[in-house]
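Data block below; observations after.
First listed ligand is number 1; within each ligand, the first listed atom is number 1. From a predicted model like this one, the values you see are computed outputs, not experimental measurements.
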Amino acid sequence: MGNLTTSRLTADAPTTHQKLLAWVEEVAELTQPDSIYWVNGSVDEYARLTTELVEAGTLVRLNPETFPNSFAAFSDPADVARVEEQTFICSEKEADAGFTNNWMAPAEMKGKLNSLFAGSMRGRTMYVIPFVMGHLDAEDPKFGVEITDSAYVVASMRIMARIGTEVLDKLTATNAFFVPALHSVGAPLAPGQQDVAWPCNPDKWIVHFPEERSIVSYGSGYGGNALLGKKCFSLRIASVMARDEGWLAEHMLILKLTSPESKVYHVAAAFPSACGKTNLALLDPTVKGWKVETLGDDINWMRFGKEGELRAVNPEAGLFGVAPGTGWGTNPNAMRAIAKGNSIFTNVALTDDGGVWWEGMTEETPAHLTDWQGNEWTPESGRPAAHPNSRFCTPIDQIDMLAPEYFAPEGVQVDAILFGGRRKTTIPLVTEARDWTNGIFMGSTLSSETTAAAAGAVGVVRRDPMAMLPFIGYNAGDYLKHWISLSAKANPEKLPKIFLVNWFRRTPEGGFAWPGFGENSRVLKWAIERIEGKADAVETPIGFVPTAESLDTDGLDVSAEELDAALAFRSEEWQTEAVSIEEWYANFGEALPAGLRAELDGLKDRLA
Ligand SMILES: Nc1nc2c(ncn2[C@@H]2O[C@H](COP(=O)(O)OP(=O)(O)OP(=O)(O)O)[C@@H](O)[C@H]2O)c(=O)[nH]1
Ligand SMILES: O=C([O-])CC(=O)C(=O)O
Ligand SMILES: [Mn+2]
């Protein structure tokens, strides 16, 4: 509305932060919303917003007896995953975005975005969400403000991040810097026009300006495209901040492991989207005497501490987990967290008694469901009832096994780093790196089959350095250099050991060679025993792999053939792999750190 004048806006706003006020005014003038609402993050506000979303048909309220205070949303069928093809890093220089990112000159992109956003919020409310990633009482809290015209985004952001009045008050009191994160579903309403349940636009743009540290997202309402505190801020923009400030923003889970001798270890693990982070973070160990507690399931901010130790913090406040495959058998801890309620499910199926269901949730398949597209569904329908990238969004403090250190701004000391991908062949269950640089080599050459978490083909092997391919906010060669140069700050005694893992290798018959999930605790146990100098290993050209006796297989229901298929280093597979790594490294040109080139040369020599 043209009558949202500067003075009225400023008078109503719950802040005196001049930059924030100026930005809110500028966006309102451009996007022309009906009204502006400052999100305070309260329980009452959440109740009101979700009730409105139910009335609008965006949310379905679930049965309060089985899923208290929980809702299901169903997206447009064309808005179900991150859109990597439409994701841009708009640095001043193209070289600073590097070959892994889409790039456009900032001025040109801003021209395009300005025309898309002109009037884009007509007929809608513009919500202003103050948020902080990481702890509000961190030494240097990382503030953001998301402006969005989607109440679904507001409700989801309340689960995923620390938001609202307390954040805004500190942002105002310290006159701190914040990352402006602008989002519109790109579906303005003409006067009297009826809204749809999931407004969005076929034209989608997920844009980052790394020098300005700002984000603009248009056309999608889906998770990673629209909850801008998550991948856009905490990985793409944060990776640039981390490069400049000397830390690491990584796509990693963080877990705490306690051995039978009550020794405490922390493990960080980078796996690409839909490759097992949430599941490992909530693991129910099958090895006796070992305890796992959760710190984070997706994002890890790490820095070297005063004693040269690597410390990790989870900047998020919720889980945005892949629903299919999450079940009472595979991940009971996630199921218990979900059962406490206060969750938003997106693109799952509905049961006849007002609950949710997805493939793999229960052993028995319900006889009748409403699928994620609102159609009648029976086991004979011949299609999945839930979308393969359907998600549960649940507060992290509902996890019974949450480690108390989650609440500590100084984080935890990392003892081991795992890099893992989804590979049918070649990559053994676990390989320990020869040393730190060799471990960075493993991370930089990580590969995985694509999944439903991003739009596009599924099952294609691609290199995904540190599981960060879609999330490095700058030149990937500089990113690898940053990993190497940061290690100079480390206490060599305290550098984590690095391991390459693969839960997804297949037998010749095509099944998974390794049962995965809780059984992955056997691999964690081996890794820790390597750190303690207790477990044996065989040296191969790619690193150290477990001996038959050193991996605890007590009570494991796996045949000798399966175990061999999971564990074996096969020279012929690695001949092919080395060629593929060479091709991958060629993309970096001069930007490839010399130490990593030397690692590849060393591998080739050892394989020859
Ligand atoms: N076979 C097998 N499947 C697994 C294992 N761990 C996870 N999965 C499946 O892989 C899919 C993705 O697992 P998640 O733990 O949600 O993956 P994620 O890395 O957290 O994914 P994002 O949230 O997209 O980043 C689910 O369908 C899981 O059931 C495992 O050890 N073995
Ligand atoms: O970002 C999202 O939409 C979900 C997610 O965790 C991923 O894709 O890695
Ligand atoms: Mn996850």
Side-chain angles (χ1 to χ4, degrees), residues 75 79-84 87 153 156 160 206 217 220-236 250-253 255 269-284 286 294 296-300 314 316 318-331 333-335 346-347 358-361 384 386-394 396 418 420-424 429-430 448-456 458 464 467-471 501-507 511-524 566:
S75 79
D79 192 21
V80 294
R82 286 184 293 102
V83 284
E84 294 182 1
T87 300
V153 166
S156 304
M160 294 308 299
I206 317 299
S217 164
S220 169
Y222 173 78
N225 301 324
L227 311 179
L228 301 185
K230 196 171 178 52
K231 304 299 201 218
C232 297
F233 183 139
S234 294
L235 290 178
R236 296 196 193 94
E250 297 299 325
H251 192 203
M252 290 177 170
L253 67 93
L255 63 81
F271 309 156
S273 298
C275 292
K277 289 183 299 301
T278 302
N279 277 276
L280 191 69
L282 278 84
L283 170 131
D284 225 3
T286 51
T294 310
D297 82 317
D298 198 45
I299 297 177
N300 174 4
N314 170 16
E316 298 194 281
L319 309 175
F320 189 68
V322 177
T326 306
W328 290 104
T330 54
N331 193 346
N333 296 307
M335 296 303 291
T346 303
N347 291 338
W358 48 76
E359 280 65 27
M361 182 199 222
H387 186 276
N389 192 37
S390 54
R391 298 269 169 169
F392 59 87
C393 181
T394 301
I396 197 164
L418 313 185
R422 187 183 277 272
R423 288 288 305 269
K424 290 191 173 72
L429 180 65
V430 57
S448 194
E449 291 147 22
T450 51
T451 67
V458 168
D464 193 340
M468 282 285 283
L469 179 71
F471 308 119
V501 301
N502 179 21
W503 314 146
F504 301 93
R505 210 167 178 199
R506 304 297 179 115
T507 62
F512 288 114
W514 177 252
F517 301 101
E519 305 295 7
N520 294 333
S521 58
R522 298 172 190 275
V523 174
L524 294 179

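- For the pair Glu359 (side chain) and Ala386 (backbone), a donor-acceptor distance under 3.5 Å is present.
- Counting all heavy atoms, side chain and backbone alike, Phe392 lies closest to Ala334 at CZ-CB, 4.3 Å.
- For the residue pair Ser220 / Asp79, a side-chain donor-acceptor distance below 3.5 Å is found, with atom types taken as modelled.
- Distance alone, capped at 3.5 Å, is enough to place a donor-acceptor pair between the Ser521 side chain and the Thr286 backbone.
- Atom 3 (O) of ligand 2 has Gly224 N, 2.8 Å as its closest protein atom, hydrogens excluded (heavy atom only).
- Figure legend: cation-pi geometry between Arg236 and Phe471 absent, as NZ or CZ is not positioned both under 6.0 Å from the six-membered ring centre and within 45° of its axis.
- When heavy-atom distances to ligand 2 are checked against a 4.0 Å cut-off, Asp298 comes that close only through its side chain, counted from C-beta outward.
- The pair Glu449-Arg423 does not count as a salt bridge, with every side-chain nitrogen at least 4.0 angstrom from each carboxylate oxygen.
- Contact between Val80 and Ser75 at its shortest, heavy atoms only, is CG1-OG, 3.5 Å.
- In this structure, the protein non-hydrogen atom closest to atom 5 (C) of ligand 2 is Lys231 NZ, 3.5 Å.
- For the residue pair Tyr222/Asn347, the side-chain donor-acceptor check at 3.5 Å is not satisfied.
- A donor and an acceptor atom, one from each side chain of Asn520 and Trp514, are located under 3.5 Å apart.
- Among all heavy-atom pairs drawn from His387 and Pro324, the shortest one is O-CG, 3.5 Å.
- In this structure, a donor-acceptor pair under 3.5 Å is absent between the side chains of Thr326 and Asn331.
- Within the 3.5 Å criterion, the main-chain N or O of Lys277 finds no donor-acceptor partner in the side chain of Asp297.
- Near Phe320, meaning under 4.0 Å from any of its heavy atoms, are these atoms of ligand 2: 3 (O), 4 (C).
- Geometrically, ligand 2 and Lys230 share no nitrogen or oxygen pair separated by less than 3.5 Å.
- Inspection of the environment of the Mn ion (ligand 3) yields the following protein N, O or S atoms under 2.8 Å: Thr278 OG1.
- Protein residues with any heavy atom under 4.0 Å from ligand 1: His251, Pro272, Ser273, Ala274, Cys275, Gly276, Lys277, Thr278, Asn279, Asp298, Phe320, Val322, Pro324, Gly325, Arg391, Arg422, Trp503, Phe504, Phe512, Gly516, Phe517, Asn520.
- For the side-chain contact (heavy atoms from CB on, under 4.5 Å) test with Leu235, the passing option among Lys230, His251, Glu250 is His251; the others fail.
- The shortest contact between atom 8 (O) of ligand 2 and any protein heavy atom is with Arg82 NE, 2.8 Å.
- If you check which protein heavy atom lies closest to atom 7 (C) of ligand 2, you get Ser273 OG, 3.2 Å.
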